[in-house]
Amino acid sequence: LFLKAVIVIKFPSLKNTSAIIQHIISFFNLIDKNNSDKMKENNTSGVIDMIWEFELPVKIVFGSGKRKELEKYIEEIQGKSGVLVCSRSFEKNGTAQKFTAHSGGRIKAVFSDIRPNPTTKNVNDCAALLRKTKADFAVALGGGSPMDCCKAACAIAKGDDVIESYHTGGKPIRAAEAIPMIAFPTTSGTASEVTNIAVLTDTEKNLKAPMNDPAMYPKTAIIDPELTLSVPPQVTASTGLDVLSHAVESYWSTLNQPICSACSVYSAKLVFKHLERAYNNPNDLEAREKMAAASITAGVAFSHPRTTGSHACSFPLTNLYGVPHGEACAFTLDYFIKFNADHADASGRITAFARQCGFESAYAMADEITAMKKRMGMRTRLSEIGCTTDAQIAELAKASMSMLMTRNPIPLSEKNILEMYNALR
Ligand code: NAD
């Protein structure tokens with residue numbers, strides 16, 4: 001057995017680094033064992049062509065209370081004058097002001113005109129403030145919506161164009177026009193703090209779509225689980241299911257690779273154990289910490305393999321029916337697990353994932369996800385979100401066919417997706 005691996009790792013400093021490394025080592029052993037079992041089964045031997053790269057140029061800081069060290073982290077990126085980008089509720093309830101106080105006077109303005117699922121207009125307005133104040137850094141405080149808005153605005157801050165030119169217009173981001181960003185996630189969900197992706201909604205084109213560029217990575221991601229204590233139960237459930245979708249989809253993505261797969265398993269196990277605990281007891285700091293760890297490791301997990309069918313379907317579920325992002329991802333996740341277990345598990349990888357998470361089979365894992373969704377008040381049928389007619393279902397299937405679908409372990413046609421939605425009526 002020859003493993004050919006090209007590895008470029010800048011693995012960040014996590015509090016649990018040794019546990020994660022231990023997990024990665026045992027995961028490599030599992031892969032090794034699965035491969036040699038497979039070879040024995042098939043009576044084959046030889047070279048497994050395994051070539052991949054891993055690079056995550058984001059410093060990750062994890063720990064309750066870390067927000068109070070903001071000034072130190074601004075100093076590290078040599079920021080002098082910056083803008084805080086957060087949701088309006090944080091500005092209204094005084095969180096933004098308290099936060100700004102930790103910056104040693106370096107945050108000079110606040111931008112909070114951001115709706116959930118941020119629009120390209122939100123980004124242009126944010127970029128306008130960055131330009132007007134000549135900001136040389138920005139700090140995002142919030143869930144995926146403020147982080148994505150901030151990320152996209154920072155990427156064009158030193159230029160003079162609008163984000164639509166880059167989002168859908170094909171214009172490449174220029175690193176020279178970007179300013180650095182520090183991200184503080186306040187939900188355990190999107191992991192936007194470690195990705196170079198911003199998901200934006202262009203209301204004129206009625207399109208929600210991701211954009212990405214190497215220049216869009218935040219410089220520093222600071223995960224302070226205390227910031228998630230105030231997340232209401234429904235948002236905890238939805239964002240936590242986003243974490244699970246990242247973990248599962250990155251694992252089976254056609255672009256999967258070992259470091260990311262190890263993080264997928266690590267993250268999913270935490271979600272199965274701690275999400276409902278956080279949902280039922282919002283002030284349980286330990287459960288919040290575990291979910292924050294699940295979120296960031298799922299972020300590492302999908303950083304390279306990206307996401308697949310469930311995320312592809314989530315965009316029109318949000319756009320057309322207003323389903324919150326995580327709930328929209330989880331809407332089809334259990335179906336995809338069964339579908340992929342039936343049609344794309346010849347190697348036994350998907351079953352192995354379910355077993356690592358403590359289930360007998362992929363079907364048992366999918367059934368538990370359906371049950372979890374119901375226990376947490378998430379919707380599971382299209383009739384519950386107002387999608388009832390054949391015409392609506394056909395429109396939804398059509399709009400779900402983005403390129404993310406091509407990373408599913410087995411190719412999916414619009415007919416497959418239509419069948420799925422009909423089964424979820
Ligand atoms: P969100 O940022 O829209 O926040 C959801 C709600 O929770 C908002 O009302 C917000 O005010 C509230 N909230 C957030 N933190 C809170 C806290 N600590 N206390 C109380 N209330 C709080 O939701 P989200 O799920 O974090 O982000 C969704 C967005 O992120 C979507 O647009 C999605 O497409 C995008 N996304 C981006 C990536 C990426 O890699 N960039 C990945 C996945 C999803």
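This structure is a prediction, so every number in the text was calculated from the model and none was measured. In each ligand, atom 1 is the first atom listed, and ligand 1 is the first ligand listed.
- For Ser103 (side chain) and Ile107 (main-chain N/O), a donor-acceptor pair under 3.5 Å exists by modelled atom type.
- Counted by atom type alone, Lys151 and Thr195 present one or more donor-acceptor pairs between their side chains at under 3.5 Å.
- Look at Asp113 and Lys121 and you find no salt bridge, because none of the NZ, NE, NH1 or NH2 atoms lies under 4.0 Å from a carboxylate O.
- Sorted by first then second residue, the salt bridge (Lys or Arg N to Asp or Glu O under 4.0 Å) pairs that include residues 208-232, not counting sequence neighbours, are Arg67-Asp224, Arg67-Glu226.
- Between Arg88 and Glu91, no side-chain nitrogen of the basic residue sits less than 4.0 Å from a carboxylate oxygen of the acidic one, so the salt-bridge criterion is not met.
- Using a 4.0 Å heavy-atom criterion, the residues that approach ligand 1 are Ser87, Ser89, Phe90, Pro116, Asn117, Pro118, Gly143, Gly144, Ser145, Pro146, Asp148, Lys151, Thr186, Thr187, Thr190, Ser192, Thr195, Ile197, Val199, Lys208, Leu227, Ser230, Val231, Pro232, Val235, Thr239, Asp242, His246, Phe302, His325.
- Salt bridge annotation for Glu419-Lys415: present, with a cationic side-chain nitrogen under 4.0 angstrom from a carboxylate oxygen.
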